[in-house]
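We count ligands from 1, going down the list as the structure has it; atoms in each ligand are counted the same way. Keep in mind it's a predicted model, so treat the numbers as computed, not measured.
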Amino acid sequence: MDGSIKVLILGSIALDTIQTPFGKKENLLGGSATYAAVVVSFFTKPGIVSIIGTDFPSRYYNFLKKRSIGLEGVVKKGKTFRWSGLYEYDMNVAKTLRTELNCLEVFDPILPDKYKGVPYVLLGNMHPLQQERVLEQVIDPKFVVMDTMNLWIEHTREDLIKLIKKVDLLLLNDGEARQLFGEVNLVRVAKKALRLGPRFVVIKKGEHGALLFTKDYVFSVPGYPLEEVVDPTGCGDTFAGGLLGYISSKGVSTESIKKGIVFGSICASFNAEGFGLSKLKRIKREDISRRYKEFQKLVKF
Ligand code: AMP
């Protein structure tokens with residue numbers, strides 16, 4: 001692999017405080033870009049566009065660097081973004097206890113020149129105007145995936161809708177999808193989303209898997225059945241990372257998108273098995289391939 005990046009990831013780099021029925025951890029390395037990039041790095045070289053504060057621990061920075069994640073697009077200024085979340089026994093739903101945007105609030109994402117020709121783009125969870133700002137700097141992207149969350153759906157709906165028209169694949173969880181389109185039935189939600197312009201709409205259903213909708217077909221993937229779920233923080237981002245990481249390694253096709261959703265589901269399943277990034281740090285690409293084979297058995301009938 002040469003030094004150029006193949007997947008550009010916009011998103012947060014955070015210090016997370018997470019509470020689940022199994023314990024509480026403070027100031028873990030987190031953020032949407034972090035989780036996605038760690039997973040993409042199993043497939044190809046990612047580069048992050050984001051911001052950290054001057055208080056950001058150097059051990060976390062070094063960890064990202066060691067995984068060959070491009071950090072030329074990461075600016076250092078002010079105080080690091082902090083998020084604190086709580087999961088009760090229904091681990092599919094995170095309750096945000098506190099969001100301190102800090103440096104994220106004033107972040108104007110500028111791409112390093114060498115990132116502008118990148119083929120694959122993940123517009124991770126961030127203000128839709130920041131997502132748009134990044135997209136307009138990429139010269140001719142092959143495939144753009146967009147994620148979002150309830151905060152932006154509640155406060156910046158119009159900007160979100162405008163941006164959805166410009167992406168190839170929209171990624172939402174079921175609750176967000178219903179909230180954004182004011183519709184309970186997910187098939188109808190997906191139809192409304194497709195009408196806006198993206199060719200693909202993926203609706204994630206937590207431990208219950210994910211659905212891919214296009215104008216011509218629907219594809220369904222179960223969640224990998226886990227015996228132990230420790231902390232689902234970052235499952236959305238690791239799903240996105242697995243999906244786009246795989247697609248970027250194979251090129252865009254119906255087959256790579258379907259398989260990408262399986263890889264997304266698998267990467268999210270590993271992520272949920274440990275607090276923060278602890279499980280992902282321990283696995284190798286072979287572990288992902290092994291679980292992919294188990295997954296094939298799971299759905300074959
Ligand atoms: P998820 O994949 O949805 O579980 O995302 C979890 C990550 O999103 C956490 O590591 C948080 O730091 C990050 N996060 C939470 N709220 C926001 C926000 N408003 N903007 C960007 N990132 C966020």
Side-chain angles (χ1 to χ4, degrees), residues 9-20 25-40 48-53 56 60 63-64 74 79-87 90-107 109 122-131 134 145-156 159-160 171-177 179 202-207 210 223 229-244 264-265 267-280:
I9 300 168
L10 168 74
S12 55
I13 300 180
L15 296 175
D16 286 346
T17 293
I18 301 162
Q19 209 175 323
T20 80
K25 304 265 179 197
E26 294 189 18
N27 294 322
L28 293 179
L29 172 59
S32 50
T34 305
Y35 279 103
V38 166
V39 165
V40 169
I48 294 181
V49 190
S50 189
I51 185 164
I52 53 176
F56 191 70
Y60 288 166
F63 162 76
L64 295 171
V74 177
K79 196 172 168 213
T80 301
F81 165 64
R82 281 173 166 76
W83 178 76
S84 157
L86 167 74
Y87 299 87
D90 178 0
M91 304 266 274
N92 286 312
V93 189
K95 189 168 162 204
T96 294
L97 298 179
R98 216 177 145 84
T99 300
E100 289 175 51
L101 287 176
N102 299 329
C103 60
L104 265 194
E105 196 158 8
V106 291
F107 177 45
L122 172 59
L123 301 174
N125 191 5
M126 226 187 231
H127 193 298
L129 291 179
Q130 290 167 321
Q131 293 177 309
V134 165
V145 174
M146 171 189 174
D147 192 8
T148 190
M149 73 178 291
N150 52 2
L151 179 74
W152 312 120
I153 296 172
E154 277 154 35
H155 299 291
T156 60
D159 295 325
L160 266 182
L171 196 57
L172 291 166
N173 70 34
D174 44 4
E176 292 160 357
Q179 187 185 6
V202 174
I203 301 184
K204 298 164 289 166
K205 299 182 294 162
E207 64 184 320
V229 173
V230 177
D231 169 24
T233 307
C235 279
D237 312 309
T238 47
F239 184 100
L243 168 67
L244 195 55
S265 198
C267 293
S269 75
F270 277 118
N271 177 57
E273 288 181 301
F275 255 111
L277 289 158
S278 61
K279 178 76 185 203
L280 287 178

Could you go through the side-chain contact (heavy atoms from CB on, under 4.5 Å) check for Val74 and Ile52 one step at a time?
CA-CA 7 Å; Val74 177; Ile52 53 176; 4.0 Å; yes

Ligand 1 to Tyr35 polar contact by distance, N or O atoms, under 3.5 Å:
no

Residue Ala14 vicinity, atoms of ligand 1 by number, heavy atom under 4.0 Å:
12 (O)

Decide whether an N or O pair under 3.5 Å exists between Phe81 and ligand 1.
no

Run the numbers for me: atoms of ligand 1, each under 4.0 Å from some heavy atom of Thr233, listed by number.
4 (O), 6 (C), 9 (C), 10 (O)

Pull out every atom of ligand 1 sitting under 4.0 Å from any heavy atom of Met149, numbered as shown with elements.
16 (N), 17 (C), 18 (C), 19 (N)

Leu151 heavy atoms, cut-off 4.0 Å: which ligand 1 atoms fall inside?
19 (N)

Looking at Leu160 and Met146, what are the two nearest heavy atoms and their distance?
CD2-CE, 3.4 Å

For Gly30, counting its heavy atoms only, list the atoms of ligand 1 lying under 4.0 Å from any of them.
10 (O)

Any idea which protein heavy atom is nearest atom 4 (O) of ligand 1, and the distance to it?
Gly234 N, 2.7 Å

Taking only residues two or more places apart in sequence or in another chain, which ones pass side chain to side chain donor-acceptor pair (under 3.5 Å) with Glu207?
Asn92

I need the single residue from Leu104, Thr156, Leu151, Leu101 that forms a side-chain contact (heavy atoms from CB on, under 4.5 Å) with His127. Which is it?
Thr156

In ligand 1, which numbered atoms sit nearer than 4.0 Å to a non-hydrogen atom of Gly31?
9 (C), 10 (O), 12 (O)

Decide whether an N or O pair under 3.5 Å exists between Met126 and ligand 1.
no

Could you list which atoms of ligand 1 come closer than 4.0 Å to a heavy atom of Ser12?
13 (C), 21 (C), 22 (N), 23 (C)

Under 4.0 Å between heavy atoms, the region of Cys235 that gets near ligand 1 turns out to be backbone

Measure the shortest side-chain to side-chain distance between Phe239 and Val202 over non-hydrogen atoms and say whether it is less than 4.5 angstrom.
yes

Is it the case that the side chains of Thr233 and Tyr35 hold a donor-acceptor pair, with the cut-off being a distance below 3.5 Å and no angle test?
no

Measuring only between side-chain heavy atoms, which start at C-beta, is Phe81 closer than 4.5 Å to Ile51?
no

Could an N or O of ligand 1 be found under 3.5 Å from any N or O of Thr99, whether backbone or side chain?
no

Is it the case that the side chain of Gln131 and the backbone of Gly124 share a donor-acceptor pair, with hydrogens and angles ignored and the cut-off at 3.5 Å?
yes

Tell me if a side-chain donor or acceptor on Gln130 pairs with a main-chain N or O of Phe107 at a distance below 3.5 Å.
yes

Trp152 to ligand 1, any heavy atom closer than 4.0 Å
yes

Scan side-chain atoms only and decide if Asn125 and Trp152 contain a donor-acceptor pair under the 3.5 Å cut-off.
yes

of all protein heavy atoms, closest to atom 12 (O) of ligand 1 is Asp16 OD1, 2.7 Å

Near Asp237 (heavy-atom distance under 4.0 Å), the atoms of ligand 1 are 1 (P), 2 (O), 5 (O), 6 (C), 7 (C)

